[in-house]
Protein chains: 2
Amino acid sequence: MTQPDTKQRILDIAAELFARQGYTGTTIADIARELGTTTAALYYHFPSKAAILGGLLAKPLDAYTRLLDGLDSGHTTPEQLLGALIDITADSRDLATIFDRDPKALAMIDEQLPRSSAEMTAQTVAALAGPDPGHAALIRASSALAVAKAGTLAALDLGDGTLTPADRAEVLAVALRALKD
Amino acid sequence: MTQPDTKQRILDIAAELFARQGYTGTTIADIARELGTTTAALYYHFPSKAAILGGLLAKPLDAYTRLLDGLDSGHTTPEQLLGALIDITADSRDLATIFDRDPKALAMIDEQLPRSSAEMTAQTVAALAGPDPGHAALIRASSALAVAKAGTLAALDLGDGTLTPADRAEVLAVALRALKD
DNA sequence: GTCTATACCCGGATAGAC
DNA sequence: GTCTATCCGGGTATAGAC
């Protein structure tokens, strides 16, 4: 097993293509071409295109779900929450990309999810906005979330795919500044 | 002309559907159904699906282009630039949505554009980041831009589609705070 | 585990009657 | 200006040989 198994190679290729072209904008043929095989070969490893997406999202989605579960029971500070969001985004930029870029893929994912993605976002914003939020607090919370995503993606581009500690600190600082009135 | 002409009705319907489902995720049949006719009828008013998108984006795209042109020649403050971005986003939320959500539609638009959308974004970030920007400045600029978009969209949701002066001020303040070190 | 060939469906678009 | 009917291409997926 010096060469990584084909299944993993497919996931790697799909991750990159989905991030660049979106889920709907990427065809099975695109993935097969990059893999150097035919589309039929793909179906030996995955039963469907959706299954490829599923394999890609399983881990980050689980991490996000556990993060939200922790919100209810514990006392998570905004700093911890935003930091965790930055790390999840950095770990799987494709999740972040799909989450606010491909409504069709989103709808598909939602069907097999305990919580819909919209609910997850709403819960995150609510946690950041605090109790009894007015318009301003909700705007700030949405903005902080947007910074955690967009800022991290920008930092990843600057660092050739890796998030340096200094850049991470900067993104977090900006997000917190957006949140604070 | 008490009833608005069909052409405009189509644009209105398309704007809403594109924003909700994305351009690729919306079919001609979707639009026709909402309009109460068949798909063939649509083609009397527009030569193609792309033309509908084009009709939708013409004005906001022009506004954005003129904004960027003004950057070179004049001395635009970050406050003015971010304010203008907020207004453009509010005026046509579908442009904003398509701009960071539908890579396929984006590629299509890019073909008939003097400046590619990526260039336009890069130019905006550069203007916000100032001369000789380091990582931190670029992260802050990208974040401010993200706030101008996401914050405005959040505010529009809160205000049932309209951006109140107070909410606009809040978004602008948050964006400026993200930008400032 | 990968191939060739193909079924099948769906979305965009057209022809031509009314 | 809208209809019915249909074409066409592309994208997912399957059958079956190797």
Side-chain angles (χ1 to χ4, degrees), chain A residues 1-57 98 101-109 111-112, chain B residues 1-57 94 98 101-112:
Chain A
M1 291 118 190
T2 5
Q3 69 246 21
D5 58 320
T6 313
K7 206 159 182 166
Q8 188 55 48
R9 283 187 56 219
I10 293 172
L11 287 176
D12 291 341
I13 291 169
E16 202 230 317
L17 290 178
F18 287 171
R20 262 205 348 243
Q21 315 176 343
Y23 173 77
T24 318
T26 302
T27 69
I28 296 283
D30 288 338
I31 302 175
R33 190 182 324 114
E34 204 73 17
L35 185 65
T37 65
T38 60
T39 65
L42 275 181
Y43 284 89
Y44 174 82
H45 302 278
F46 289 93
S48 70
K49 184 185 174 187
I52 299 178
L53 180 62
L56 224 42
L57 295 188
I98 289 166
R101 268 171 56 165
D102 207 316
K104 207 156 203 176
L106 216 48
M108 232 189 45
I109 298 170
E111 287 170 11
Q112 318 145 330
Chain B
M1 288 124 185
T2 5
Q3 69 248 17
D5 58 321
T6 313
K7 205 158 184 168
Q8 188 56 49
R9 281 187 57 220
I10 293 172
L11 287 176
D12 291 342
I13 291 168
E16 203 230 317
L17 290 178
F18 288 170
R20 260 203 352 243
Q21 315 176 344
Y23 174 76
T24 319
T26 302
T27 68
I28 295 281
D30 287 338
I31 301 175
R33 190 181 324 112
E34 204 74 15
L35 185 66
T37 66
T38 61
T39 64
L42 276 181
Y43 283 88
Y44 175 81
H45 302 278
F46 289 92
S48 70
K49 185 185 175 187
I52 299 178
L53 180 60
L56 226 40
L57 295 188
D94 32 291
I98 289 168
R101 268 171 56 165
D102 207 316
K104 208 157 201 176
L106 216 47
M108 230 189 45
I109 298 169
D110 274 0
E111 287 170 12
Q112 319 147 328

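Below, chain A is the first sequence line, B the second, and so on; all start at residue 1.
Side-chain atoms of Lys49(B) come within 3.5 Å of backbone N or O of Thr26(B) as a donor-acceptor pair. Tyr23(A) places no side-chain N or O within donor-acceptor distance of the main-chain N or O of Leu106(A), the cut-off being under 3.5 Å.
As judged by a 4.0 angstrom heavy-atom cut-off over every strand, Thr37(B) is placed among residues touching the sugar-phosphate backbone only.
Between atom CE of residue Met108(A) and atom OG1 of residue Thr24(A) there is a gap of 8.5 Å, rounded to the nearest 0.5 Å. Atoms NZ and CD, from Lys104(B) and Gln21(A) in turn, are 8.0 Å apart once rounded to the nearest 0.5 Å. The NZ atom of Lys7(B) sits 12.5 Å away from the CG atom of Leu42(B) when rounded to the nearest 0.5 Å.
Contacts of Arg20(B) classified as salt bridge (charged side-chain N to carboxylate O under 4.0 Å, His left out), with partners at least two apart in sequence or in another chain: Glu16(B). Applying the side chain to side chain contact (heavy atoms under 4.5 Å, CB included) rule to Ile109(A) yields the partners Leu53(A), Leu57(A), Leu61(A), Ile98(A), Leu113(A); only residues at least two apart in sequence or on another chain are considered.
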Could you walk me through whether Leu35(B) and Arg9(B) pass the side-chain contact (heavy atoms from CB on, under 4.5 Å) test, one step at a time?
CA-CA 8 Å; Leu35(B) 185 66; Arg9(B) 281 187 57 220; 3.6 Å; yes
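Think of the region where chain B sits on DNA chain C: with heavy atoms and a 4.0 Å cut, that region ends 5' and 3' at dG11(C) to dA15(C).
Applying the side chain to side chain donor-acceptor pair (under 3.5 Å) test to pairs two or more places apart or on separate chains, those with a residue in residues 27-41 of chain B are Thr27(B)-Asp30(B), Asp30(B)-Arg33(B).
In this structure the side chain of Phe46(A) reaches within 4.5 angstrom of the side chain of Leu11(A), judged on heavy atoms.
Near DNA chain D, defined here as any heavy-atom distance below 4.0 Å, the residues from residues 41-55 of chain B are Ala41(B), Tyr44(B), His45(B), listed numerically. Only at 4.0 angstrom or more do the heavy atoms of residues 18-36 of chain A sit from any atom of DNA chain C, so none qualifies.
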